[in-house]
Amino acid sequence: MDQLFVEFFQNTGFYLCDYRYIIMILIGFIFIYLGIVKDYEPLLLVPIGFGMLVGNIPIFKGLGLGIYETNSVLHYLYFGVTQGIYPPLIFLGIGAMTDFSTLLARPVLMLLGAAAQTGVFLTFLGALALGFEPKEAASIGIIGGADGPTAIFLTAKLAPALIGPIAVAAYSYMALVPVIQPPIMRLLTTRKERLIRMEEPRVVGKKEKIIFPIVAFLLCCFLAPAALPLLGMLCFGNLLKEAVVTERLAQTARTSLIDTATILLGLTVGASTQGDVFLTPASIKIFVLGAGSFAVATAAGLIFAKTMNLFLKTKINPLLGAAGVSAVPDSARVVQMVGQKEDPSNFLLMHAMAPNVSGVIGSAVAAGILWSFMA
Amino acid sequence: MYGFEAISANNGWSIAAVGIIIVFAGLVVLSFIISQLHKVLAFIENPKRFEFLSPKKSTGKEDKYVLTSLLKNQKESAKQFFLLVKTMEEHFSLPKLIRLAEVSNLEKPYININILLDSGIVEPDSKGYFLWNENRFKKLIK
């Protein structure tokens with residue numbers, strides 16, 4: 001009988017636990033706290049945070065419980081991450097939610113979304129310099145796109161072993177957009193620039209909105225075919241939305257489908273951060289590079305917007321450059337917030353959505369390019 | 001391998017440069033296409049708005065006329081004024097034409113002369129007098 005008690009105790013989490021699980025559980029608490037109390041991307045941080053708790057319960061190997069055990073339920077759910085199934089479904093939902101009107105009204109703002117992708121490629125260089133393999137470096141670089149699904153998709157294809165740290169880094173920085181971006185925005189712009197008011201955009205017709213996803217899909221996927229899974233779904237979702245006659249499908253894509261994919265992705269990505277797998281020097285490097293990547297992407301957008309103002313007759317507010325990263329709609333909200341601190345009657349949100357959604361397209365194209373280079 | 005050595009060994013500089021160029025090129029082309037999209041749609045919906053593309057070249061003169069067609073009673077009035085103008089010199093003054101119209105008991109001479117001006121049948125000769133545009137008159141009373 002004593003022996004039974006000893007064996008049982010030896011299989012409990014209290015016996016199997018070590019400091020790495022405790023650290024990860026604490027990080028999980030922080031994610032849940034940030035999501036619920038601070039309202040930073042709660043739809044992502046709460047599932048990931050709870051997933052961290054799930055993944056860091058110390059378990060007896062062989063019972064088929066852990067996410068890395070081939071016969072476990074979590075492993076089957078994680079299949080959607082490792083095979084890159086959830087990110088395109090999320091992109092379908094994003095497409096069905098996104099209104100490209102402001103981008104269609106001022107297409108020049110699309111260049112800000114392209115400029116922000118500079119961060120992706122500079123971080124790729126940084127990761128190579130820190131000793132990562134090219135495929136790992138490409139996966140780390142895409143964090144600068146500030147697009148969680150894209151980062152997960154590319155990492156699943158190029159460096160599956162890094163999915164955990166890269167996904168957590170990408171989503172952490174996306175959630176921390178209101179903390180990371182404002183100091184960079186204030187540093188790189190003058191008060192006078194932040195006060196610039198944007199022209200009222202023209203009214204965009206329904207036909208334009210319907211044609212846009214088709215044209216964007218064909219052009220971008222002919223240019224970078226590897227962007228097909230992400231851009232294809234993004235544009236398809238948007239077509240469902242704009243076509244009106246498919247409103248029922250669009251409704252499903254932007255509600256039930258994206259929510260299901262987000263829950264499964266968030267929970268399994270969180271669960272993949274098992275202390276013994278996650279807490280490595282490589283993860284710390286990834287977090288440092290991710291932060292750098294995000295900052296560089298933001299700065300690149302701002303500097304490019306200032307450069308554009310040298311040539312444009314009607315100046316644009318350079319704060320919009322910061323929305324070139326594809327954290328939709330958080331970075332656009334941050335632009336609005338920083339702009340309104342200088343002038344409460346200046347409404348930039350609508351205008352910032354243009355570079356923001358072009359950032360989504362840009363990061364998907366950048367991912368496609370990196371994938372095709374590394375494949 | 002670390003640092004610049006690692007970047008060079010893995011062809012990093014070229015990949016980054018080409019990647020940035022492709023992303024920019026793609027989005028520049030896309031932004032150009034969508035900037036022209038509304039113009040293409042407007043042309044498809046209403047080709048007449050784009051006269052430079054239409055086979056019938058406009059003289060540019062017709063655009064300035066407020067009236068491009070006349071009602072039946074306006075046509076009748078124009079014919080009556082034509083008979084009056086034939087009695088005058090080629091370059092005539094409007095006050096004289098009005099006086100003649102009043103003497104001839106034509107209806108609402110001021111309004112009808114205004115219609116003739118708006119339709120381009122009566123044109124200023126830029127020297128203070130007016131001319132009767134016979135081509136325009138024939139075209140409008142057809």
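Worth knowing before you read on, the calculation uses all heavy atoms, side chains too, and leaves out hydrogens, waters and symmetry mates.
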Is the count of non-hydrogen atoms from other residues, nucleotides or ligands lying under 6.0 Å from [X] atom [atom1] greater than 12?
{"X": "B/Glu107", "atom1": "CD", "result": "no"}
{"X": "B/Glu89", "atom1": "CD", "result": "no"}
{"X": "B/Lys86", "atom1": "NZ", "result": "no"}
{"X": "A/Phe236", "atom1": "CZ", "result": "no"}

Please report whether the ring centroid of A/Phe132 lies less than 6.0 Å from that of B/Tyr2.
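Judged by ring-centre distance (under 6.0 Å), B/Tyr2 and A/Phe132 do not meet the cut-off.
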
What's the shortest heavy-atom distance between [X] and [Y], and which atoms?
{"X": "B/Gly12", "Y": "A/Leu128", "result": "CA-CD1, 3.7 Å"}
{"X": "B/Leu27", "Y": "A/Ser358", "result": "CD1-O, 4.2 Å"}
{"X": "A/Phe121", "Y": "B/Ile20", "result": "CD1-CG1, 3.6 Å"}
{"X": "A/Glu208", "Y": "B/Leu37", "result": "O-CD2, 3.9 Å"}

Check: [Y] and [X] side chains under 4.5 Å, non-hydrogen atoms:
{"X": "A/Cys220", "Y": "B/Leu30", "value": "yes"}
{"X": "A/Lys207", "Y": "B/His38", "value": "no"}
{"X": "A/Met110", "Y": "B/Ile34", "value": "yes"}

In terms of heavy-atom proximity below 4.5 Å to chain B, should [X] be classed as side chain, backbone, both, or neither?
{"X": "A/Ala115", "answer": "both"}
{"X": "A/Leu219", "answer": "side chain"}
{"X": "A/Arg202", "answer": "side chain"}

Name the region of B/Leu41, side chain, backbone, both or neither, that has any atom closer than 4.5 Å to a heavy atom of chain A.
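Contact with chain A: side chain only.
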
B/Glu5 versus chain A, heavy atoms under 4.5 Å apart: side chain, backbone, both or neither?
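Answer is neither: B/Glu5 stays 4.5 Å or more from chain A.
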
Chain B interface, residue from A/Ala366, A/Ala129, A/Pro134, A/Gly131 that has the most non-hydrogen pairs under 4.5 Å
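Max contact count across the listed options: A/Ala129.
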
Looking at A/Phe304, A/Phe100, A/Phe222, which one has more heavy-atom pairs under 4.5 Å with chain B than the rest?
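Between A/Phe304, A/Phe100, A/Phe222, the count favours A/Phe304.
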
Output the option from B/Ile15, B/Ile33, B/Asn11, B/Ile22 having the highest count of non-hydrogen pairs under 4.5 Å with chain A.
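It is B/Ile15.
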
Consider side chain to side chain contact (heavy atoms under 4.5 Å, CB included). Of A/Val120, A/Thr118, A/Ile361, A/Ile369, which one does B/Val23 pass it with?
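The passing option is A/Ile369.
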
